[in-house]
S.K.: 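Pasting in a structure now, in structure tokens, and then I'll have a few things to ask.
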Amino acid sequence: MLVLGAVQVKAQVIKGSIDLRDSTINRSIPFEVAAGTKSVKYVIKVYADEGEVTVSLCDPNDKKSMNVTLGTKTSSGGHEPSKGELSDDLKPKVPGTWKFNISAENATGRISYQIEVIKP
């Protein structure tokens, strides 16, 4: 007996990391949100030994829904390591290509991310 079936993918997962060594970068991590998408879960972890890292989330119309900057400068003019984690379970209302924009200025550290798009 032969059984054929279609397997539907219910989630798309994008993950990776970016190592920084006295780097200045602008990177975009796009992901597709179809009409009816249930949710988008994300976790972005940033560790900066030096410099500044900014993470923003933009919808398909380039409207920012989140913008966070992590820096290492202290009020005394020196610097000290800094770390942060961004996570959410959002329910996008606008279908299309969403993207996380990551920029780093003279930064040394590491950025890791995981984005999971839960489909209908």
Side-chain angles (χ1 to χ4, degrees):
M1 184 163 115
L2 179 65
V3 178
L4 296 176
V7 176
Q8 282 191 325
V9 177
K10 291 289 186 183
Q12 173 193 11
V13 178
I14 301 165
K15 60 183 173 179
S17 62
I18 303 167
D19 289 314
L20 305 167
R21 189 171 303 261
D22 195 22
S23 302
T24 298
I25 64 160
N26 286 300
R27 186 145 320 151
S28 180
I29 303 165
F31 57 96
E32 288 300 318
V33 172
T37 293
K38 289 183 180 180
S39 70
V40 175
K41 296 178 183 181
Y42 65 84
V43 177
I44 299 177
K45 296 179 183 179
V46 178
Y47 172 78
D49 193 34
E50 210 172 317
E52 185 175 278
V53 177
T54 301
V55 178
S56 63
L57 173 62
C58 294
D59 73 11
N61 300 317
D62 273 339
K63 181 180 173 192
K64 286 184 183 175
S65 62
M66 185 255 317
N67 191 48
V68 177
T69 299
L70 182 76
T72 61
K73 284 186 182 175
T74 62
S75 57
S76 63
H79 66 84
E80 68 181 39
S82 194
K83 65 181 176 178
E85 180 176 309
L86 305 166
S87 62
D88 199 1
D89 184 355
L90 65 96
K91 300 186 180 6
K93 292 178 174 48
V94 181
T97 303
W98 287 62
K99 60 188 170 216
F100 279 100
N101 294 314
I102 298 173
S103 62
E105 180 110 10
N106 302 321
T108 297
R110 182 175 177 85
I111 303 161
S112 61
Y113 57 88
Q114 179 166 323
I115 306 160
E116 183 177 8
V117 180
I118 312 293
K119 299 182 179 185

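Throughout, numbering of the chain's residues begins at 1 and tracks the sequence.
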S.K.: Are side-chain heavy atoms of Val13 and Gln114 found at a separation under 4.5 Å?
M.R.: yes
S.K.: Of all residues at least two apart in sequence or in a different chain, which pass the ring pair (Phe, Tyr, Trp, His ring centres under 6.0 Å) check with Tyr113?
M.R.: none
S.K.: With the threshold set at 4.0 Å, does a side-chain nitrogen-carboxylate oxygen contact exist between Arg110 and Asp49?
M.R.: no
S.K.: For a 4.5 angstrom cut-off between non-hydrogen side-chain atoms, does Val53 reach Leu20?
M.R.: yes
S.K.: Is it true that a side-chain atom of Asn61 and a backbone atom of Lys63 form a donor plus acceptor pair closer than 3.5 Å?
M.R.: no
S.K.: For a quick test of reading the model, state the closest non-hydrogen atom pair linking Pro92 to Leu90 and the distance between them.
M.R.: CD-O, 3.3 Å
S.K.: Please report the interatomic distance OG(Ser112) to CD1(Ile44), rounded to the nearest 0.5 Å.
M.R.: 9.0 Å
S.K.: I'd like to know if Tyr47 and Val68 are part of one continuous hydrophobic network [Ile/Leu/Val/Met/Phe/Trp/Tyr, side-chain heavy atoms within less than 4.5 Å].
M.R.: no
S.K.: Quick one, Asn101 and Cys58 - any side-chain contact, counting heavy atoms below 4.5 Å?
M.R.: yes
S.K.: For the residue pair Glu52 and Thr69, establish whether any side-chain heavy-atom pair is separated by less than 4.5 Å.
M.R.: yes
S.K.: Regarding Thr24 and Glu105, do their side chains bring together a donor and an acceptor under 3.5 Å, going by distance alone?
M.R.: no
S.K.: Could you walk me through whether Gln12 and Lys119 pass the side-chain contact (heavy atoms from CB on, under 4.5 Å) check?
M.R.: CA-CA 8 Å; Gln12 173 193 11; Lys119 299 182 179 185; 4.1 Å; yes
S.K.: Hey, could you give me the CD/CD distance between Glu80 and Glu50, rounded to the nearest 0.5 Å?
M.R.: 12.5 Å
S.K.: In the structure I gave you, are the side-chain heavy atoms of Asn67 and Thr54 within less than 4.5 Å of one another anywhere?
M.R.: yes
S.K.: Of Glu116, Glu85, Lys15, which is the lone residue that meets side chain to side chain contact (heavy atoms under 4.5 Å, CB included) with Val43?
M.R.: Glu85
S.K.: Is the distance from the ring center of Tyr42 to that of Phe31 below 6.0 Å?
M.R.: no
S.K.: Would you indicate whether Lys91, at its atom NZ, is surrounded by more than 12 heavy atoms from other residues, nucleotides or ligands within a distance under 6.0 Å?
M.R.: yes
S.K.: Nearest 0.5 angstrom please: Leu57 CG to Ile115 CD1, how far?
M.R.: 8.5 Å
S.K.: When rounded to the nearest 0.5 angstrom, what is the spacing between CD1 in Ile14 and CZ in Phe100?
M.R.: 9.5 Å
S.K.: Minimum heavy-atom separation for Pro95 and Ala35, please, with both atom names.
M.R.: CB-N, 3.7 Å
S.K.: Using modelled atom types only, decide if a donor and an acceptor are shared between the side chain of Thr72 and the backbone of Gly51 within a distance under 3.5 Å.
M.R.: yes
S.K.: CD1/Ile111 to OG/Ser17 distance, rounded to the nearest 0.5 angstrom?
M.R.: 9.5 Å
S.K.: Does a side-chain heavy-atom distance below 4.5 Å link Pro60 with Thr97?
M.R.: no
S.K.: Which value, rounded to the nearest 0.5 Å, describes the distance between His79 atom NE2 and Asn106 atom CG?
M.R.: 11.0 Å
S.K.: Distance-only, no hydrogens or angles: does the Ser23 side chain make a donor-acceptor pair with backbone N or O of Arg21 under 3.5 Å?
M.R.: yes
